[in-house]
2 protein chains.
Amino acid sequence: MNASLFRSVIYVTALCALYLSIAMFLPALVDLYYGHSDWQVFAMSGFMVGGLAAAAALATRGPQPAFTKRLGFLLVNVLWVMFSLVGAIPLFLAEHELSFAQAVFESISGITTTGSTVIVGLDDMPPGILLWRSLLCWFGGIGIVALGLFVLPFLKVGGASIFKLESSETNDKPFARLASFTRAFLVVYVLLTLACAVAYDMAGMTHFDALNHAMTTIATAGFSTHDASFAYFQSTPILVIGGTFLTICSLPFSVIILLAIRGRLDAARDPQIPTFLGYLTAISIAVAVYHHLRNGVELDDALIHAFFNMASILSTGGFASDDYTLWGPFVVLVAFFATFMGGCSGSTAGGIKAYRFVVMLNVARAGLNKLIYPNAIYPVRYGALTVDAETQRGVFLFVSLYIFLWVVGSIGMTLFGYDILTATSSVITALSNVGPGIGQIIGPVGNFSTISDPALYLLSLMMLLGRLEILTMLVLLTPVFWRH
Amino acid sequence: MNASLFRSVIYVTALCALYLSIAMFLPALVDLYYGHSDWQVFAMSGFMVGGLAAAAALATRGPQPAFTKRLGFLLVNVLWVMFSLVGAIPLFLAEHELSFAQAVFESISGITTTGSTVIVGLDDMPPGILLWRSLLCWFGGIGIVALGLFVLPFLKVGGASIFKLESSETNDKPFARLASFTRAFLVVYVLLTLACAVAYDMAGMTHFDALNHAMTTIATAGFSTHDASFAYFQSTPILVIGGTFLTICSLPFSVIILLAIRGRLDAARDPQIPTFLGYLTAISIAVAVYHHLRNGVELDDALIHAFFNMASILSTGGFASDDYTLWGPFVVLVAFFATFMGGCSGSTAGGIKAYRFVVMLNVARAGLNKLIYPNAIYPVRYGALTVDAETQRGVFLFVSLYIFLWVVGSIGMTLFGYDILTATSSVITALSNVGPGIGQIIGPVGNFSTISDPALYLLSLMMLLGRLEILTMLVLLTPVFWRH
């Protein structure tokens, strides 16, 4: 740890804050256009943050130190905390009264693409604040893919193994040219958003709703412009569009990009993709059949709602088209466990992620065989590749920490007075960046508006921990990190 | 797989069934003494099973094949299934009407030292059946320690790592002389049971209650002779005695034996012991303070009940002195998560067990350090020893399978129509061999009498899987096991 490292962290953070402050003028313009006084809040926040950020950037200019792991870890943490706090400023100052804890929670919920909201009365909200919430999600989505593709692999956290696997699988280092890949990613991300917006628009949403929902769909975030979320639209085509885009955005962006730009399907051999699509299909059908048999809902209706809501949970989007917790205990429990699972690595989805399940399954298979022939070699496979012992340990370590945080966080929530369904589901929906929980308060038709400030801080921490794949944050607590 | 192997399995199983059939004459004598007609059921079952077993043993006599892993796995599975079914015979035939599924559940609950019961009206039950339930637990306790000490290590399941650690730690192979160790274990087990019975007796239990509760306490099983379990006695000394013996019997028997017989404390350096005692103390105090502050219960009363009930869950005994699920959501959730944890390896306790938590914690610590210095060596410690990569993987594999079975089993229970609290807590209490669950039906003041037959079969399977450390049973499903 030395001065030039801190200077460098502040410099990059200030630059990013500057970009975010510029984005604040978008909601300002929209509010101005619609004649809502909140435009002043956004403009003022933009100038204030922009001024401070510019000053900080100027003050810390200078030669950049070599990029080390320490710098990487510190930078990622500081950047996400900055985004969380700066994103909260206009939410806190806007006309709609939010406590500071609520504003921070809402901002973190956006930037981590979680999509849990503390705001009631979205339908009558000024457009600026709605757009700002969607923008936070959309930027958060970019941040997450960037983190997963470029930063985490280098830091050997989470994305690490899969990155190594991918690059050796395609065998020509598709990510070696970071700049061109970043450009390709941004183009695909923007095009997907536009395609989704146009589809929503054609299916009957207003332009404004279509744009906002497209941004939060592509980021698998879950903020809506209506309290009722997708139930507001009462439209089958909109559910199909939403479910489809949520599913696409749960796949590794590298696969989408290679397909879109080079017409190559090589990376689609990544075994996490059939795994993810497999369990999405399986639980959608199981839930639909159960809903049909138990509640007498038409099978096609049941299928569409089951697909939309399960895709919404597994993609960690967290929209809802219905209160599926009323469909029966089987659906409640499937939804609860699905909240842990998540999408694929390299996407905007959170959760434990499909590739870890693939690795664990193959370790289990090899381990069982080894019980009979302890001296035989049963390599653990991931597609055509062998998973080394360290990567296996990393996967189990991550999952253990995930569950440990869920347990500790849930117990913390009961100390704040919440019942055990609210406690356990709020923490896992935060950690997996999904959005809705289970139970009366935070279920798919509920929200986080009545959650107390201390509990919101706890859940905010969980959202950040989940988003940064836990270890990226925990490593700051080790003495080794701060040595020298 | 060959004929001599099957012959050998049948021979050993028949011999064990013969011993069990002899034990049936104990409840027969007791019922005869008290003049209850059930004596005929036990006597008849004893003659029937004994006759069949003797015939089978005679028919399969002959030279024993070499002991292989295959033989070991097969034998353990067949033995436990035999105990489960033979134990159920008198329960099914007795005057008190149980369905076949209920009788099998009750028998498995005893033999796996789980202690969940389907019987209501224990207080008015003939003594023979009460004694038989206690005997099943007590034999089950012997079976489990024997399994953990002698069989699982050889098969490299569960106990494996800890066994290796223990024997190299004490450095003089204390378990090399199996026969003398087995004798020592049986002596200690019997003496502990007698000590516990005398203590209960002096504290006010009837002789019969004292003996039965001593057997189910030492086996950390949880069957009681009263529907109200320990709440029936309304006695602080009895709670202290029970909690203390449950705690002792959650420690590795090797430690107790080395201490008792050789006056050696070496093995007590096993790090799982301070870990287990540490979290038992921590959650007992936390629960007591919460109970005191929230419900205004006197602190000393709260401490005693918190200690007894938490020791009861962690030791996987599963007695209850009060409906702790009414103490508040914090206690409910702590009790729920405590149901996963379990005692130490080499004891009669079930659950994930303390040594696995020690290993996982140390893997996490090494993993975090490695993020900063990926090329440095951070060995994973267990006490003074280094845990090799394969053992680490084994621990994570076991825990993952444990959670996987809980998830699948819980979803299964919702398909049988149970609410999610009953579903999730029934499966984990079965898998960890604890006893009570959470919720209206199977909570600490409830029982399993209203659970449907298919659900009882599912839970019976979970009890066996948990008791045999999962892998011992799952290995039978691998194609490798049956090859040749």
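By convention in this document, chain letters (A, B, ...) are assigned in the order of the sequence lines, proteins followed by strands, and residues within each chain are numbered from 1. Quick note: numbers below take in every heavy atom, side chains included, and nothing from hydrogens, waters or symmetry partners.
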Participant: Just checking heavy atoms, which of residues 278-286 of chain B are less than 4.5 Å from chain A?
Facilitator: none
Participant: Is chain B contacted by the side chain of A:Phe357, its backbone, both, or neither, given a heavy-atom distance below 4.5 Å?
Facilitator: neither
Participant: What part of A:Phe330 gets within 4.5 angstrom of chain B, counting heavy atoms only: side chain, backbone, both, or neither?
Facilitator: both
Participant: Identify which of B:Leu368, B:Val332, B:Thr424 forms the greatest number of heavy-atom pairs closer than 4.5 Å to chain A.
Facilitator: B:Leu368
Participant: Atom CG of B:Leu397 and atom CE of A:Met360: how far apart are they, to the nearest 0.5 Å?
Facilitator: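 Going from the CG atom of B:Leu397 to the CE atom of A:Met360 covers 10.5 Å.
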Participant: For the atom pair CZ (B:Arg393) and NZ (A:Lys370), what is the distance rounded to the nearest 0.5 Å?
Facilitator: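 Here the rounded value is 6.5 Å.
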Participant: For the interface with chain A, which of B:Gly412, B:Gly367, B:Ala364 has the highest count of heavy-atom pairs at distances below 4.5 Å?
Facilitator: B:Ala364
Participant: Using a heavy-atom cutoff of under 4.5 Å, enumerate the residues of residues 403-411 of chain A that contact chain B, numbered in order, or state 'none'.
Facilitator: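 A:Ile403, A:Trp406, A:Val407, A:Ser410, A:Ile411 fall under the 4.5 Å cut-off.
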Participant: For the CD1 atom on B:Ile377, are there more than 12 heavy atoms of other groups (residues, nucleotides or ligands in this structure) within a distance under 6.0 Å?
Facilitator: no
Participant: Got A:Thr414 and B:Tyr290 here, is their nearest side-chain heavy-atom distance under 4.5 Å?
Facilitator: no
Participant: Picking from A:Val363, A:Val331, A:Asp419, which has the most non-hydrogen pairs under 4.5 angstrom with chain B?
Facilitator: A:Val363
Participant: Please look at A:Val399 and chain B and tell me whether the side chain, the backbone, both or neither of the residue comes under 4.5 angstrom of a heavy atom of that chain.
Facilitator: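 Neither part.
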Participant: Using the test side chain to side chain contact (heavy atoms under 4.5 Å, CB included), find all partners of A:Ser425 that sit at least two apart in sequence or belong to another chain.
Facilitator: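 For A:Ser425 the side chain to side chain contact (heavy atoms under 4.5 Å, CB included) partners, ignoring immediate neighbours, are A:Phe336, A:Ile438, A:Ile442.
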Participant: In sequence, state the C-alpha distance, the side-chain angles, and the governing distance for A:Leu421 and B:Ile420, and then conclude on side chain to side chain contact (heavy atoms under 4.5 Å, CB included).
Facilitator: CA-CA 9 Å; A:Leu421 274 189; B:Ile420 79 164; 3.4 Å; yes
Participant: Select one option (side chain, backbone, both, neither) describing which atoms of B:Tyr378 are under 4.5 Å from chain A's heavy atoms.
Facilitator: side chain
Participant: For B:Phe396, which residues count as a ring-ring contact (aromatic ring centres under 6.0 Å, His included) partner, sequence neighbours excluded?
Facilitator: A:Phe396
